[in-house]
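Counting begins at 1 with the first residue of the sequence.
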Amino acid sequence: MMADLARFVQQHPYQTVAAVFMALVLLVVNEVRHALEKRLLRRALASMPVHALPTATHPAPHRPTTSPWGTVTALLVGVGLLALAVPVLRGPAGAPITAPVSALLTTGTYRGSGTGTMGSTDFRLTLGGSSGAPSATLTAMGTTFDFQGTVTPESGGVYLSGSLVQSGMSWGTLKAHVSTLQAEGVVSTGPLSWTLDLRR
């Protein structure tokens, strides 16, 4: 559920901001309406004759009244912070999502199989480094390879393109589109290649 929500926010940042903005506006309007209703009710009770007011044997307990303007102010501040967050989400050059956000949403382990001319093989792709330089490793047939290449932010996650290295030697290449829920791409080593279909 949280992964689906993160993927939707990543793929539809403007729609998400618009929905949250509309919800905040509705909350502000509702709070203002309640404040006006309470004020009108107090005025109506104050203008009624004393003998028309209902009498009670026991006095009603005093209930402290809280002003709705604090809530309204907090909501307005939230709207302002949301407006300031839009450029951060879009990035300085208008990129769909900045690299740190994309890396954070795609950090994790993806497992599945790769289908090639020599049959199917189990693969495990691990992404990390959301707080610093992005990193990735690929495990196949019990052997783990380090990924050395570029990690490019995309609207749906990141794109990996580079070499698979072990003990300083390059054993193949990896090109994959990685989203919050899956990783799809191609692993090649010499004349052999596998089409990846990995799930988080």
Val165 and Gln148: side chain to side chain contact (heavy atoms under 4.5 Å, CB included), yes or no, with the steps?
CA-CA 7 Å; Val165 179; Gln148 291 184 357; 3.7 Å; yes
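- Side chains of Asp146 and Gln166 form no contact here, defined as non-hydrogen atoms less than 4.5 Å apart.
- One finds the CZ atom of Phe147 at 10.0 Å from the CG atom of Leu138 (value rounded to the nearest 0.5 Å).
- Of the inter-residue distances, the one linking Arg199 atom CZ with Ser113 atom OG reads 10.0 Å to the nearest 0.5 angstrom.
- Cluster annotation: Met169 is connected to Val187 through the hydrophobic network of ILVMFWY side chains, with a link wherever side-chain heavy atoms come within less than 4.5 Å.
- Looking only at distances, no side-chain donor or acceptor of Tyr110 sits under 3.5 Å from a matching main-chain atom of Asp197.
- Between Leu127 and Ala136, the shortest heavy-atom contact is CD1-CB, 4.2 Å.
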Between Asn30 and His34, is the side chain to side chain contact (heavy atoms under 4.5 Å, CB included) condition met? List the steps.
CA-CA 6 Å; Asn30 191 47; His34 278 304; 3.6 Å; yes
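- Taking OG1 of Thr150 as the reference point, atom NZ of Lys175 lies at 9.5 Å (rounded to 0.5 Å).
- Distance CG/Leu40 to CD/Glu37: 8.0 Å, rounded to 0.5 Å.
- Thr139 and Thr144 form a side-chain donor-acceptor contact under 3.5 Å, judged by distance and modelled atom types alone.
- Rounding to the nearest 0.5 angstrom, the gap separating the CG atom in Leu26 from the CE atom in Met22 is 5.5 Å.
- The minimum heavy-atom distance linking Thr189 with Trp171 is given by the pair OG1-O, 2.6 Å.
- Looking at Glu31 and Leu27, their side chains never come closer than 4.5 Å, going by heavy atoms from C-beta outward.
- Between Thr121 and Phe123, the shortest heavy-atom contact is O-CD1, 3.2 Å.
- Under the 3.5 Å distance criterion, the side-chain polar atoms of Arg200 are matched with a main-chain donor or acceptor of Thr180.
- Minimum interatomic distance between Leu160 and Leu125 (heavy atoms only, all atoms of both residues): CD1-CD2, 4.2 Å.
- Tracing side-chain contacts under 4.5 Å through hydrophobic residues (I, L, V, M, F, W, Y), one never reaches Leu198 starting from Val186; they form parts of separate clusters.
- Here the side chains of Glu184 and Gln182 are in contact, with some heavy-atom distance below 4.5 Å.
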